[in-house]
There are 2 protein chains.
Amino acid sequence: MNTEKTLPNGIIIDTPRTLGEVVRNKRKEDNLTQVELAELTGVGLRFLSELENGKPTIQLNKVLLVLSGLGLKIEIGQ
Amino acid sequence: MNTEKTLPNGIIIDTPRTLGEVVRNKRKEDNLTQVELAELTGVGLRFLSELENGKPTIQLNKVLLVLSGLGLKIEIGQ
DNA sequence: ATAGTATCTTCCCGAAAGGGAATATTATGA
DNA sequence: TCATAATATTCCCTTTCGGGAAGATACTAT
């Protein structure tokens, strides 16, 4: 996992795998199962499993749903 | 509470449409056509057009390719 | 305004990949 | 070990992607 932080609480997402690790870590911090998070965010269990395992070809809107449900913000900059 | 809309040098991505706007603006700043950016990043012209227009169901890895090609970083935080 | 040009969007096709629901596997605890 | 919870994977149908080309807009100069 990429633990480099450029800003407080900000993690650079360079690959789908990094994204998956961020999601899994936050979900566990929040003491949620995949089933609970899936229901909370309106995505399927399979999707969530694949997201956390770094599948590259998942759809953007569902990623945004999950991040939003976890209270995470996504930011783009130089 | 945090009333900041963005973190330093960053734009919060809340929807696919916002992402599309960021990509289009950066591409134009760099004086690239869609054809040029598509070739540069290895995605199709149609994909790039759909990305810039906010299509929700595009694939994550291709988004990352385009952002990387534009020299943009993606970051996740609270 | 009009012509001409550059750029962007949309259509078709086949191949590849996505998603939900169901099933299988793995991890955890008594 | 065995039962249960949690996670990963399979089945089947739908959707996306790239490529090429046509259609639609935008831009520029006269």
Side-chain angles (χ1 to χ4, degrees), chain A residues 1-3 9 11-78, chain B residues 11-78:
Chain A
M1 154 159 201
N2 178 5
T3 55
N9 300 320
I11 296 173
I12 298 280
I13 301 301
D14 47 358
T15 64
R17 179 156 296 277
T18 309
L19 174 64
E21 286 162 352
V22 168
V23 168
R24 174 163 288 167
N25 290 341
K26 183 62 163 62
R27 174 176 65 79
K28 298 215 162 181
E29 279 177 23
D30 293 351
N31 288 308
L32 295 170
T33 66
Q34 287 184 344
V35 171
E36 289 169 334
L37 183 56
E39 287 173 353
L40 182 67
T41 56
V43 304
L45 176 61
R46 167 183 162 166
F47 173 84
L48 197 50
S49 175
E50 290 177 337
L51 163 59
E52 290 190 355
N53 284 298
K55 186 169 189 177
T57 55
I58 55 180
Q59 291 186 358
L60 173 69
N61 58 337
K62 307 214 169 182
V63 173
L64 294 180
L65 283 176
V66 172
L67 292 177
S68 172
L70 284 170
L72 295 173
K73 287 180 184 169
I74 187 167
E75 179 189 339
I76 294 184
Q78 338 281 331
Chain B
I11 296 174
I12 297 288
I13 301 301
D14 48 355
T15 64
R17 180 156 298 276
T18 309
L19 174 64
E21 287 166 0
V22 169
V23 168
R24 176 164 286 167
N25 290 341
K26 184 61 162 63
R27 175 176 64 79
K28 296 213 162 182
E29 279 177 23
D30 293 352
N31 288 309
L32 295 169
T33 66
Q34 286 183 342
V35 170
E36 289 168 333
L37 183 55
E39 287 173 354
L40 183 67
T41 57
V43 304
L45 175 59
R46 198 203 49 196
F47 172 83
L48 195 50
S49 176
E50 290 175 337
L51 164 58
E52 290 190 354
N53 284 296
K55 183 172 185 177
T57 54
I58 56 179
Q59 293 182 2
L60 175 69
N61 59 337
K62 302 201 180 288
V63 173
L64 294 180
L65 282 177
V66 172
L67 291 178
S68 173
L70 284 170
L72 294 173
K73 287 181 185 167
I74 191 168
E75 191 180 329
I76 292 184
Q78 6 262 355

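Side chains are part of it too, since the values below use all heavy atoms of this structure and drop only hydrogens, waters and symmetry mates. Convention: sequence-line order gives letters A, B, ...; per-chain numbering from 1. All values reported here derive from a predicted model rather than from experimental measurement.
- A residue-by-residue look at B:I58 and A:K28 shows that A:K28 has its nearest nucleotide of DNA chain D further toward the 5' end.
- The shortest side-chain heavy-atom distance between B:N25 and B:V22 does not fall under the 4.5 Å cut-off.
- Rounded to whole Å, atom C1' of D:dC17 lies 17 Å from atom CD of B:E39.
- Here A:K55 does not reach the OP1 or OP2 of D:dA8: none of its side-chain N or O atoms lies under 4.0 Å away.
- OP1 or OP2 of D:dA8 sits under 4.0 Å from a side-chain N or O of A:Q34.
- Between B:N31 atom CG and D:dC27 atom P there is a gap of 14 Å when expressed in whole angstrom units.
- Between B:Q34 and B:R24 the shortest side-chain heavy-atom distance falls below 4.5 Å.
- Using a 4.5 Å cut-off on side-chain heavy atoms (C-beta onward), A:L64 and B:P16 make contact.
- Using a 4.5 Å cut-off on side-chain heavy atoms (C-beta onward), B:L19 and B:L67 make contact.
- For the atom pair B:N53 CG and B:R17 CZ, the distance stands at 6.5 Å (nearest 0.5 Å).
- Whole-Å rounding puts the A:N61 CG to D:dT16 C1' distance at 12 Å.
- Across the protein-nucleic acid pair, B:D30 atom CG and C:dT7 atom C1' stand 17 Å apart, rounded to whole Å.
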Could you list, one pair per line, each protein nitrogen or oxygen that sits under 3.5 Å from a nitrogen or oxygen of nucleotides 27-30 of chain C, together with the distance?
none

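- A straight line from CG of B:L37 to P of C:dT7 spans 14 Å, rounded to a whole angstrom.
- Atom C1' of nucleotide C:dG19 and atom CG of A:L60 are separated by 16 Å, given to the nearest angstrom.
- Looking at residues 43-54 of chain B, you'll see B:V43, B:G44, B:R46, B:F47, B:E50 sit with a heavy atom under 4.0 Å from some atom of DNA chain D.
- Taking only side-chain nitrogens and oxygens, B:T57 comes nearer than 4.0 Å to OP1 or OP2 of D:dT16.
- Side-chain atoms of B:R27 lie closest to C:dC8 of the nucleotides D:dA8, D:dT16, C:dC8.
- Side-chain atoms of B:E75 and A:I76, non-hydrogen and from C-beta on, never get closer than 4.5 Å to each other.
- Close to C:dT7, at under 4.0 Å from its OP1 or OP2, lies no side-chain N or O of B:R24.
- The distance from atom CG of B:L32 to atom C1' of C:dA6 is 15 Å, rounded to the nearest whole Å.
- Side-chain contact between B:K55 and A:Q59: absent, with no pair of heavy atoms (C-beta onward) separated by less than 4.5 Å.
- Taking atom CD of residue B:Q59 and atom P of nucleotide D:dT14, one finds them 19 Å apart after rounding to whole Å.
- Residues A:V63 and A:V66 have side chains not in contact (no heavy-atom distance under 4.5 Å, counting atoms from C-beta outward).
- Distance check, rounded to the nearest 0.5 Å: CG of A:L40 to CG of A:L32 gives 7.0 Å.
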